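One structure below.
Here the structure is a predicted model, which is why all the values come from computation and not from measurement. What's counted below: heavy atoms across the whole structure, side chains too, no hydrogens, waters or symmetry copies.
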Amino acid sequence: QMQLVESGGGSVQIGGSLRLSCEASGFTYVGHCVGWFRQAPGKEREGVAGIDTIRGNTYYTDSVKDRFTISQGNTKYKYLLQMNDLKLEDTAIYYCAASARYCSDGWNRIDAYNHWGQGTQVTVSS
C-alpha cells in the first residue's frame, strides 16, 4: 500500500518561503504523475503543481507560476515544492498525490489521483 507523507509546512510572513516535501513508500512504482494540491477553508481543493515522474515535465496553476517550483528530491521517491514570495492567499492545507496517469492527461484533476498524503498546513500572515 503506497503511503505519501508531506512535511515542511509552517507559518511565514508575506513574501517568505517554505519548502514542502513529499516522500512516497510502500510500492514499486509511484506512478506517472505526482501533484501538489491545496485546500483553503471554505474552498475546493485545487491543483498547484504537477511533475511527470519519468520525463520531468512540470505544470503549474497560473497563480503560482514564477513563485513555486516542483522538483524531484535527492532520493528517488521524494518530491519537493519550493514556495517563494508567499501571499496571504497561499494559506491552505497542502496535499501530495500520486497518479498512474500521465500529467499531460490532466495533472490538476483530483479524480486522476488514487493516492493522497495527509496534508501539511501552510499559513501566511501579514
- In this structure, CZ of R67 is separated from CG of N84 (nearest 0.5 Å) by 9.0 Å
- Okay, side chain of T123, backbone of S11: is any donor-acceptor separation there less than 3.5 Å? no
- Can you check whether L88 reaches I14 side chain to side chain, under 4.5 Å on heavy atoms? yes
- Please name all residues satisfying side-chain hydrogen bond (donor to acceptor under 3.5 Å, both in side chains) with R101, sequence neighbours left out, ordered by chain then number. none
- Message: So which atom in D85 and which in S17 form the shortest heavy-atom distance, rounded to 0.1 Å?
- Response: N-OG, 4.3 Å
- Is a side-chain donor or acceptor of R55 paired with a backbone partner of I51 at a separation under 3.5 angstrom? no
- Query: Thinking salt bridges, do K87 and D90 make one under a 4.0 Å N-O criterion?
  - Reply: no
- Task: Determine yes or no for a side-chain-to-main-chain donor-acceptor pair under 3.5 angstrom, with T53 supplying the side chain and G31 the backbone.
- Result: yes
- Item | Other residues, nucleotides, ligands: >12 heavy atoms within 6.0 Å of D66 CG | no
- Query: Passes side-chain contact (heavy atoms from CB on, under 4.5 Å), H32 versus D105? Steps please.
  - Reply: CA-CA 10 Å; H32 294 307; D105 290 342; over 6 Å; no
- Note on the structure: When every non-hydrogen atom of A92 is compared with those of A40, the smallest separation belongs to CB-N, 3.8 Å
- Item | Hydrophobic cluster identity match, I93 and I110, side-chain contacts under 4.5 Å | yes
- Query: Between atom SG of C33 and atom OH of Y79, what is the distance when rounded to the nearest 0.5 Å?
  - Reply: 10.0 Å
- Message: Could you measure the distance from the SG atom of C103 to the CD1 atom of I70? Nearest 0.5 Å is fine.
- Response: 7.5 Å
- Write down the atom of G106, the atom of A112, and the distance for their closest heavy-atom approach. O-CB, 4.0 Å
- Report yes or no: do V12 and L20 belong to one cluster of Ile/Leu/Val/Met/Phe/Trp/Tyr joined by side chain heavy-atom distances under 4.5 Å? yes
- So do S126 and Q13 actually touch side chain to side chain, heavy atoms under 4.5 Å? no
- Interatomic distance, F37 atom CZ to R109 atom CZ [nearest 0.5 angstrom]: 10.5 Å
- Non-hydrogen side-chain atoms of V34 and W107 separated by less than 4.5 Å: no
- Any side-chain heavy atom of W36 within less than 4.5 Å of one from C22? yes
- Item | More than 12 heavy atoms from other groups under 6.0 Å of CZ on R19 | no
- Main-chain N/O of G119 paired with E6 side-chain donor or acceptor, under 3.5 Å: yes
- Q3 atom CD, neighbour heavy-atom count above 12 within 6.0 Å: no
- Note on the structure: Distance col, row K65:NZ vs D62:CG, nearest 0.5 angstrom, shows 4.5 Å
- Note on the structure: side-chain contact (heavy atoms from CB on, under 4.5 Å) with M83: of V124, T69, L18, only one passes, and it is L18
- Within 45° cone and under 6.0 Å: R38 NZ/CZ vs Y95 ring: no
- Query: Can you hop from Y113 to L4 via hydrophobic side chains spaced under 4.5 Å?
  - Reply: no
- To the nearest 0.5 Å, atom CH2 of W116 lies from atom SG of C96 at 9.0 Å
- Is it true that a side-chain atom of T61 and a backbone atom of V48 form a donor plus acceptor pair closer than 3.5 Å? no
